[in-house]
Amino acid sequence: MFSKEATQKLQANTTQLMKELENGKMPVKEIEKLRDVLRFHEYRYYILNDPLISDYEYDQLFKMLEKIEAENNSLVTPDSPTQRVAKGLTKEFPTVQHLVPMLSLDNSYNEEDLKDFDRRAKELTGTNKIEYCAEPKFDGGSISLIYENDMLVRGATRGNGTEGDEITTNIKQIRTIPLSAAFSKYGLQQVEIRGEVLINKTNFAKYNQQLIDEGLPPLANPRNAASGTLRIKDPAEARRRNLEAFVYHISDYTLLKGKRVPEELQTHSGSLELLWDLGFRSPKKEMKVFSSIDKVIEFCNEFEIRRDNLPYEIDGMVIKTNKVELQEQMGMTTHHPRWAIAYKFKARQATSKLLNVEFQVGRTGSITPVAKIEPVAIGGVTVSSISLFNEDVIKEKDLMIGDRVLVERAGDVIPYIVKSLADIRKGTEKKIKFPATCPVCDSRLFKEEGEAVWRCINIECPAQVVERIIHFVSKDAMDIRGFGEANVRKFYELNLLKDIPGIYTLNFSTIGEMEGFGKKSIDNLQQAIINSKNQPLNRLIFGLGIRFVGETTAKTLANAVSHLLDFKDFSLEQLQNLEDVGPKVAGSIHHFFSSPDNIHMLKQLEKLGLRLKNDKKQLATGGNLGGLTFLFTGTLPTLKRGAAEQMVEQNGGTIVSGVSSKLNYLVVGEDAGSKLEKAKKINTVKIISEEEFLSMINKK
Ligand code: IVH
């Protein structure tokens, strides 16, 4: 897509624009250059996975473009990188007709099936020389894209194959899909493209963790996550889930006047090259062309082995007759093209018997039903225990004890029950009874409105206390090696440990007398506990197990204050001004810091030598702007714009891109324009001078 010369030029332009940014300039005249630079870096990051600038630098350039466009509305173009940003909610998705029906693929499961396919292909075309292109079968949600005069004009789901939902706004959140592409270079006027939207394994795991933290059931697999996200009504949420897309087929096109069909479109591999050249992520690097089906089979087997090492899920390979002329000869049935076939990898499903359901109490008191099944091997792993998340899941899947159940385990994904095989019930199966009281402390269970999870609300419940300590010492939190779940349980049962501060006052001489604890293991544990006192603040915050506060939010929180106890004085509004903190999360944080018991615990931890201070903030001039939002307008008397913005961020504040009710302070310099006028109309925005701004930062 970008030649060496183009890459060097764009990198030079990047440096130049970064300089202007540092000097507080707004290169309005260079807006197209800025856009090209941003598109180039998006391509390096999302398609090539090989960025040339830091995320921070990219963000700065992006913000510069946002600012220029906000102040010069007429300069916004539909394919500007800012146009992926979505505001508001989608009401409904209109139904649209695909230009060409989206067929599915015929399936094959073994070598014989593929050899049959080869035989049929040769019969239908009357030739013995057929080239096949083999590529991964991506396991996500299929989409169709239409580009007209080089612009993305429509994105749709597959729907029933003839008609789908128009989801253009969500499609624009996918940064591997270009908003414009130079099809005209190939003489093409309108193009319809097929592809698959995916969520990679890492992002899927992160997203599921977030759901679990929020007390919601995680999604079964990345495929459901991707196809569900396509139809989500909040495009900003679609963006957060970091979808990706591969495009693998040009299903229709019209030519520009006087142009001929480009040579690339005469083969499937050629169209993948063409799409790649135009900035799409096509499987150009993953596909291979073969002239014998035996070689195709070998390639498929190789891919099956590599499957678990890929960053995304694939469920097989797709084998396509490479020459379009032959594809046309072979034609299609009403269901699928005769020129292509899916080769499905071995299933990661198995059936087993549901023996029992146990109920576990989590850190936040949530009651999780866990299915115990007859052990069964799936994809090399033995599965015997499967979380059912909540009561609704049991009902939806119509599970009964004694049922035969279909179990799936995809890649790194946690195993789950797909369904019960209700048709083969014997009549001896038993209903699953959800308990009314906590299985550990016997207090009554409660369910909040709109929630699916039953909870034990006794915060002294031994199960919760133990889970909280286990979470605190865990690898992603305080990472106290050698502690582990088993030791927490043992120490708790023996009354040696009753809360989080107790970790730091453990009686090691008693532990030394216990069976299974040698001097060496005790020394190591003791040292690990001491070392954990120096863990950074974000780990401590995460370790506290505040509901809805995952690792990312913990980092945001740690960066917003100079001392953890500062949160005592944060209003709900200040909390909500922090990045990615919505009303629900803010409410939970506020609740945590309003509890005298929690404050007492934090003070105890500080006394025991844990760091509640944010050291980075100490190096800067203190975190006086924690949780507050700022915007600058006009020429400031002494500070350059870039430097002033940096000061905000170093002091825990955030720069926002426009005047809205989310803005706390507008810092006004000379010749301030429309922003000032707008800010005057919003009561909550405070309008201050540079001097007042500086005194806020320097306040002790
Ligand atoms: S080709 C006429 N190629 O699999 C062309 N499909 O089970 C038909 N899929 O509906 C599609 N990866 O959503 C093709 N490399 C790939 C694919 C692929 C995944 C999906 C596609 C299709 C489904 C059929």
Side-chain angles (χ1 to χ4, degrees), residues 98-109 113 117 121 132-145 155-165 167 171 174 176-177 191-200 221-224 226-228 230-231 243-253 265 267-273 275-276 280-290 296 299-300 303-304 306-307 310-324 326-345 347 410:
H98 299 305
L99 301 184
V100 171
M102 287 177 82
L103 299 180
S104 70
L105 291 169
D106 197 10
N107 284 329
S108 68
Y109 298 93
D113 292 347
F117 170 72
Y132 296 111
C133 183
E135 69 202 36
K137 183 170 182 318
F138 304 103
D139 198 9
S142 37
I143 50 159
S144 128
L145 306 170
T157 61
R158 178 176 188 275
N160 63 11
T162 314
E163 290 176 336
D165 289 339
I167 48 156
I171 288 287
I174 304 172
T176 44
I177 297 179
V191 188
E192 188 187 45
I193 301 170
R194 297 285 143 85
E196 202 83 358
V197 167
L198 313 163
I199 180 165
N200 75 31
N221 52 45
R223 181 194 338 122
N224 292 2
S227 50
L230 284 179
R231 298 185 73 263
L243 297 180
E244 304 175 16
F246 270 100
V247 294
Y248 44 66
H249 184 60
I250 295 182
S251 51
D252 197 25
Y253 56 82
L265 293 191
T267 57
H268 173 66
S269 53
S271 55
L272 295 184
E273 302 259 2
L275 287 166
W276 179 268
F280 289 88
R281 190 180 186 198
S282 76
K284 168 185 139 155
K285 294 187 179 153
E286 290 77 7
M287 61 103 176
K288 230 171 175 173
V289 177
F290 301 96
V296 170
F299 186 62
C300 290
F303 243 100
E304 185 158 8
R306 282 174 49 198
R307 175 188 194 187
L310 296 176
Y312 45 81
E313 281 292 337
I314 65 173
D315 58 342
M317 301 293 285
V318 183
I319 295 95
K320 300 172 182 175
T321 310
N322 199 31
K323 271 216 177 83
V324 171
L326 294 186
Q327 292 181 1
E328 282 163 2
Q329 271 184 40
M330 294 167 81
M332 56 190 80
T333 71
T334 46
H335 293 118
H336 53 79
R338 286 201 193 89
W339 48 264
I341 193 160
Y343 173 78
K344 298 278 254 190
F345 291 154

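All values derive from a computational prediction rather than experimental measurement. All residue numbers refer to positions in the sequence shown, counting from 1. Atoms within each ligand, like the ligands themselves, are counted from 1 in listed order.
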Out of Met102, His249, Lys320, who gets a non-hydrogen atom closest to atom 1 (S) of ligand 1? Lys320
For atom 10 (O) of ligand 1, which of Asp315, Leu103, Leu198 has the closest heavy atom? Leu103
Could you see which bit of [X] sits under 4.0 Å from ligand 1, with heavy atoms only: side chain, backbone, both or neither?
X: Val318; value: side chain
X: Ala342; value: neither
X: Glu196; value: side chain

Any N or O of [X] closer than 3.5 Å to N or O of ligand 1:
X: Lys137; value: yes
X: Glu135; value: yes
X: Pro136; value: yes
X: Phe138; value: yes

Atoms in ligand 1 with a heavy atom of Ser142 nearer than 4.0 Å: 13 (O)
Counting from 1, what ligand 1 atoms have a heavy atom of Pro337 closer than 4.0 Å? 2 (C)
Is there a donor in the side chain of Gln327 and an acceptor in the side chain of His268, or the other way round, less than 3.5 Å apart? no
Gly141 to ligand 1, any heavy atom closer than 4.0 Å: no
Quick one: does Arg194 get a heavy atom under 4.0 Å from ligand 1? no
Tell me whether the count of non-hydrogen atoms from other residues, nucleotides or ligands lying under 6.0 Å of NZ in Lys284 goes above 12. yes
Heavy-atom side-chain proximity of Leu198 to Pro222 below 4.5 angstrom: no
Heavy-atom side-chain contact between Leu310 and Phe303 under 4.5 Å: yes
Short question: side chain of [X], backbone of [Y] - any donor-acceptor pair under 3.5 Å?
X: Thr176; Y: Glu244; answer: no
X: Arg194; Y: His249; answer: no
X: His98; Y: Arg158; answer: yes
X: Thr267; Y: Asn322; answer: no

Identify the residue among Trp339, Tyr132, Tyr343 that makes a ring-ring contact (aromatic ring centres under 6.0 Å, His included) with Phe117. Tyr132
Nearest protein heavy atom with distance in Å, relative to atom 8 (C) of ligand 1: Leu105 CD2, 3.9 Å
Could you tell me the residue and atom name of the protein heavy atom closest to atom 9 (N) of ligand 1, and the distance to it rounded to 0.1 Å? Tyr248 OH, 3.5 Å
Residues that Tyr248 engages under ring pair (Phe, Tyr, Trp, His ring centres under 6.0 Å), provided they are two or more places apart: none
